[in-house]
Amino acid sequence: MTTRVRYAPSPTGLQHIGGVRTALFNYFFAKSTGGRFILRVEDTDRERYSDESLQDLFDTMNWLGLDWDEGPEKGGAYGPYIQSERSEIYRRYAHKLVEKGYAYYCFCSEERLEALREEQKNSKSDHQGYDRHCRDLSPEEQNAKLKEFRDAGKEPVIRFKLPLSGATVMEDLLFGKITRKNSDISPDPVLLKSDGFPTYHLANVIDDHLMEITHILRAQEWIPTGPLHVLLYRAFGWEPPKYCHLPMVMGKDGQKLSKRHGSTSAREFRESGYLPEAIINYVTMVGWSYDDKTEFFTKEELEKVFSLEKINKAPGVFDYKKLDWFNGQYIRKLSPEDLAARLMPYLQKAGLCSDPATEKEKAILAGAVPLVRERLKKLSDISEMIRFLFKGVSVDDKTILIPKNGTPETTADILRWLAGYTEAFFDRSDEENEAVLRAEAEKRGVKIGDLLHPLRVAVTGTPVSPPIFETMRLIGKETSSERVRRAAGLF
RNA sequence: GGUUCCUUCGUCUAGUGGUUAGGACGUGAGAUUCUCAUUCUUAAAACAGGGGUUCGACUCCCCUAGGAACUGCCA
């Protein structure tokens, strides 16, 4: 039997790290078992649905290179893969449950439910949730209400009739048996909403069965509803798939990862210059490991080596610092050409390069890449790092030209000397130049850094830059000399 | 409040009854270096607590504590 797994997000917001992790695990599990990876869009919440979210889902999958074997835009034998296009199916099955006595119409108003919730909150009773008000309506009452509703152009919701006693066991590949008393399950959850759309519980169970999903890999937050789903499968007379609940991804404070912890959406990570390779590698490593030493994995390797047994049960904290480290590692693994190509969009966005880039701009970037590759954590770092290659520099505050142990006088003198030297600089090798500067520093009784600091600030406008000799060659003789002269003129 | 799940360095983890409890990020120190970064060396840092079981428990069982998730006509 080939495994069939699915990633089934709800397009009600940007794809976040938790979702990405679920997608990744499903994808790798499918690949590693020679199975099929299905994408299903669970857009049954019409209130929160947005086209932008759906687009973001595709963009994210695309960015990460997670191709689905079946799903929207691709099709497959079990379509449609967008739940809003399957409404008829859910309605049919929901009514089938009513006929079989496993579900019932509920006519309770939002207001009544609201009041009920309010009351329960205050009473702090152990049992919360729906009071099963409509569960035992007599056939006459039910028909009357139904007519009343339909005459008014309304539809009642359909609720699942949970067993009042007993317990239900869900088998989980990771956690083993998870048992819940039926009386502890949220009482008679809604299956079909009044707008005719199914709730998650109904749609999910029906689709997973109809699409012949063999394994459900989803976040641990679904554990409490697991037994409910098992009950639903049973009511339909179906065999539940195998479950594997994935540990959650938390923020530093141990709470579910959210905006206040930092970036959480794939889009933010993409835009600030994290490589998909790094995201894939790092995100997979929170909650999963291969052994005690290997931590670098390409997507292709993970497709082979991933296994459910190595998943950790405990939730994991998302460590932004470690992600940065991974990203830096991956940036350094890129070929110079590849890195340059990935960097260019950031320069364009910062207004430093035109779009499309000119040959000259490309050449400057190509020259800069060897100097910055060791220094980048994120691709977006590039614009501030080398803006002086594209734009003029202005030293507003001349004191930043002064090295740590220098004075305005000594600095002015050094700059004048440097201004006189820059011409010769370009005729010599870096080694020769360094020798000259060292000799000059010694003559002045200072360190070479005391000469290089004013030079660096004069040429790049900042006290932190790539190695200054190489940088000057990138900037060119004209501009470099001019900048040094101008800095000297400041005193 | 109730239900369910979880618990090895600050963080991610290895470990499956006998180990000096290993690695990685981060942090400290040092080296390299023109700044920054990279790189290298090195240090500090953990089995939540209490009971059992056992010749022997991080590993098995129980209890406690702590944490999390769920408790919607959201998923």
Side-chain angles (χ1 to χ4, degrees), chain A residues 8-10 12-13 42-45 47-48 106 108 110 113-114 117 120-121 123-130 156-159 170 172 174-175 178-181 183-187 189-195 197-201 203-204 218-227 245 247-248 250 252-256 282 285-296 310 312-326 328 332 371-377 385 403 434 437-438 441 447-453 455-457 460 462-469:
Chain A
S10 157
T12 53
E42 308 218 327
D43 58 345
T44 56
D45 183 346
E47 302 261 316
R48 296 195 301 150
C106 169
C108 293
E110 303 257 11
L113 264 18
E114 185 72 26
R117 253 193 301 275
Q120 288 172 339
K121 212 171 78 185
S123 75
K124 282 200 200 135
S125 82
D126 288 1
H127 277 81
Q128 307 218 330
Y130 184 54
V157 305
I158 291 179
R159 285 184 183 272
M170 168 176 64
D172 187 281
L174 245 197
F175 296 95
I178 291 172
T179 309
R180 217 173 160 192
K181 285 199 291 216
S183 56
D184 287 333
I185 298 174
S186 175
V190 170
L191 260 22
L192 200 66
K193 300 185 259 190
S194 54
D195 64 1
F197 280 88
T199 58
Y200 171 84
H201 309 298
N204 197 259
R218 58 164 34 159
Q220 257 172 39
E221 55 186 325
W222 290 108
I223 286 182
T225 33
H245 286 89
M248 311 257 303
M250 320 299 255
K252 196 132 198 81
D253 56 1
Q255 311 263 94
K256 211 164 140 182
Y282 176 66
M285 299 310 281
V286 11
W288 183 85
S289 63
Y290 178 70
D291 59 17
D292 59 337
K293 34 188 63 97
T294 322
E295 57 184 349
F296 280 100
K310 308 289 272 180
N312 222 88
K313 285 193 211 178
V317 174
F318 191 82
D319 186 345
Y320 289 86
K321 287 260 179 57
K322 191 152 188 177
L323 205 216
D324 281 349
W325 178 78
F326 263 106
R332 271 163 244 140
L371 304 188
V372 299
R373 58 185 282 137
E374 310 267 278
R375 282 160 241 270
L376 292 168
K377 268 215 204 44
M385 210 169 267
E434 188 169 334
L437 288 231
R438 273 192 198 287
K447 292 200 176 133
I448 188 169
D450 295 325
L451 302 197
L452 293 169
H453 175 86
L455 180 60
R456 165 172 289 109
V457 176
T460 69
T462 114
V464 174
S465 81
I468 191 62
F469 292 170

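By convention in this document, chain letters (A, B, ...) are assigned in the order of the sequence lines, proteins followed by strands, and residues within each chain are numbered from 1.
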Parallel, tilted or perpendicular: ring planes of Trp325(A) versus Phe296(A), cut at 30 and 60 degrees: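 Ring orientation of Trp325(A) relative to Phe296(A): tilted.
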| said: Does the plane of the ring in Phe326(A) sit parallel, tilted or perpendicular to the ring in Tyr282(A)? Use 30° and 60° as the thresholds. | reply: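 Aromatic pair Phe326(A)/Tyr282(A) classed tilted.
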Which part of the nucleic acid, if any, lies within contact of [X], taking any heavy atom under 4.0 Å across all strands shown: a base, the sugar-phosphate backbone alone, or nothing?
| X | result |
| --- | --- |
| Ser10(A) | sugar-phosphate |
| Glu47(A) | nothing |
| Ile468(A) | base |
| Pro315(A) | sugar-phosphate |
| Thr294(A) | nothing |
| Phe175(A) | sugar-phosphate |
| Gly287(A) | sugar-phosphate |
| Thr179(A) | sugar-phosphate |
| Arg438(A) | sugar-phosphate |

Kindly give the atom pairs (protein nitrogen or oxygen, nucleotide nitrogen or oxygen) under 3.5 Å for nucleotides 70-73 of chain B.
residue, atom, partner, partner atom, Å
C70(B), OP1, Glu221(A), OE1, 3.4
C70(B), OP1, Lys256(A), NZ, 3.1
C73(B), OP1, Arg117(A), NH1, 3.4
C73(B), OP2, Arg159(A), NH2, 3.4
C73(B), O2, Ser194(A), N, 2.7
C73(B), O2, Ser194(A), OG, 2.8
C73(B), N3, Ser194(A), OG, 3.1
C73(B), N4, Cys108(A), O, 3.3

Worksheet item: Would a distance-only check, ignoring hydrogens and angles, find a side-chain to backbone donor-acceptor pair under 3.5 Å from Thr199(A) to Val190(A)?
Response: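 Present.
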Original post:
With respect to the side chain of Pro467(A), which nucleotide from U3(B), A69(B), C34(B) is positioned closest?
Top reply: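 Shortest atom-to-atom distance from the side chain points to C34(B).
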Original post:
Which nucleotide in the list C6(B), A75(B), C12(B) gets nearest to the side chain of Arg48(A)?
Top reply: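 Shortest atom-to-atom distance from the side chain points to A75(B).
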In Å and rounded to the nearest 0.5 Å, what is the [atom1] to [atom2] distance from [X] to [Y]?
| X | Y | atom1 | atom2 | value |
| --- | --- | --- | --- | --- |
| Met285(A) | Leu323(A) | CE | CG | 13.0 Å |
| Asp195(A) | Glu47(A) | CG | CD | 8.0 Å |
| Leu451(A) | Arg438(A) | CG | CZ | 10.0 Å |

Smallest separation among heavy atoms of [X] and [Y], with atom names:
| X | Y | result |
| --- | --- | --- |
| His201(A) | Thr225(A) | CE1-CG2, 3.6 Å |
| Asp324(A) | Lys377(A) | CB-CD, 3.6 Å |
| His453(A) | Pro463(A) | CE1-CB, 3.9 Å |

Between [X] and [N], is there a contact of a side-chain N or O with OP1 or OP2 at under 4.0 Å?
| X | N | answer |
| --- | --- | --- |
| Lys313(A) | U13(B) | no |
| Arg375(A) | U35(B) | no |
| Asn312(A) | U7(B) | no |

Please report the distance, rounded to the nearest Å, between [atom1] in [X] and [atom2] in [N].
| X | N | atom1 | atom2 | answer |
| --- | --- | --- | --- | --- |
| Phe469(A) | U33(B) | CZ | P | 14 Å |
| Met250(A) | U11(B) | CE | P | 13 Å |
| Arg456(A) | C34(B) | CZ | P | 10 Å |
| Asp450(A) | U33(B) | CG | C1' | 15 Å |
| Lys377(A) | C36(B) | NZ | P | 14 Å |
| Met248(A) | A75(B) | CE | P | 17 Å |
| Leu376(A) | C36(B) | CG | P | 17 Å |
| Met385(A) | U35(B) | CE | P | 16 Å |

Please report the distance separating the [atom1] of [N] from the corresponding atom of [M], rounded so that it comes out in whole Å.
| N | M | atom1 | answer |
| --- | --- | --- | --- |
| G49(B) | C58(B) | C1' | 14 Å |
| A44(B) | G52(B) | C1' | 35 Å |
| U27(B) | C12(B) | C1' | 16 Å |
| C63(B) | C6(B) | P | 14 Å |
| C9(B) | G22(B) | C1' | 12 Å |
| U38(B) | G26(B) | P | 8 Å |
| U59(B) | G18(B) | P | 11 Å |
| U8(B) | A14(B) | P | 10 Å |

Nucleotide forming a Watson-Crick or wobble pair with [N], both distances under 3.5 Å:
| N | result |
| --- | --- |
| G2(B) | C70(B) |
| A65(B) | U7(B) |
| C55(B) | G18(B) |
| C40(B) | G30(B) |

Check your understanding: Around Lys193(A), counting heavy atoms of other residues, nucleotides and ligands shown, do more than 12 lie under 6.0 Å from its NZ?
Key ->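 Correct, the count exceeds 12.
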Notebook entry, point to check: What do you reckon, is OH of Tyr290(A) surrounded by more than 12 foreign heavy atoms closer than 6.0 Å?
Noted result: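 No.
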- [ ] State, yes or no, whether a side-chain contact exists between Cys106(A) and Tyr130(A) at a heavy-atom distance under 4.5 Å.
- [x]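 Result yes, sub-4.5 Å side-chain heavy-atom pair found.
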RNA chain B: His453(A) or Tyr200(A), which has the more 5' nearest nucleotide?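 Whichever sits nearer the 5' end wins; that is His453(A).
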Which residue is it: Glu221(A), Gln220(A), Arg218(A)? I am looking for the one with a side chain to side chain donor-acceptor pair (under 3.5 Å) to His245(A).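 The residue from Glu221(A), Gln220(A), Arg218(A) that satisfies side chain to side chain donor-acceptor pair (under 3.5 Å) with His245(A) turns out to be Arg218(A).
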What does the list of N/O pairs under 3.5 Å between the protein and nucleotides 22-27 of chain B look like, with a distance for each?
residue, atom, partner, partner atom, Å
G22(B), N2, Asp292(A), O, 3.4
A24(B), O2', Glu295(A), OE1, 3.0
A24(B), O2', Glu295(A), OE2, 3.1
A24(B), O2', Lys322(A), NZ, 3.3
A24(B), N3, Lys322(A), NZ, 3.0
C25(B), O2', Lys322(A), N, 3.4

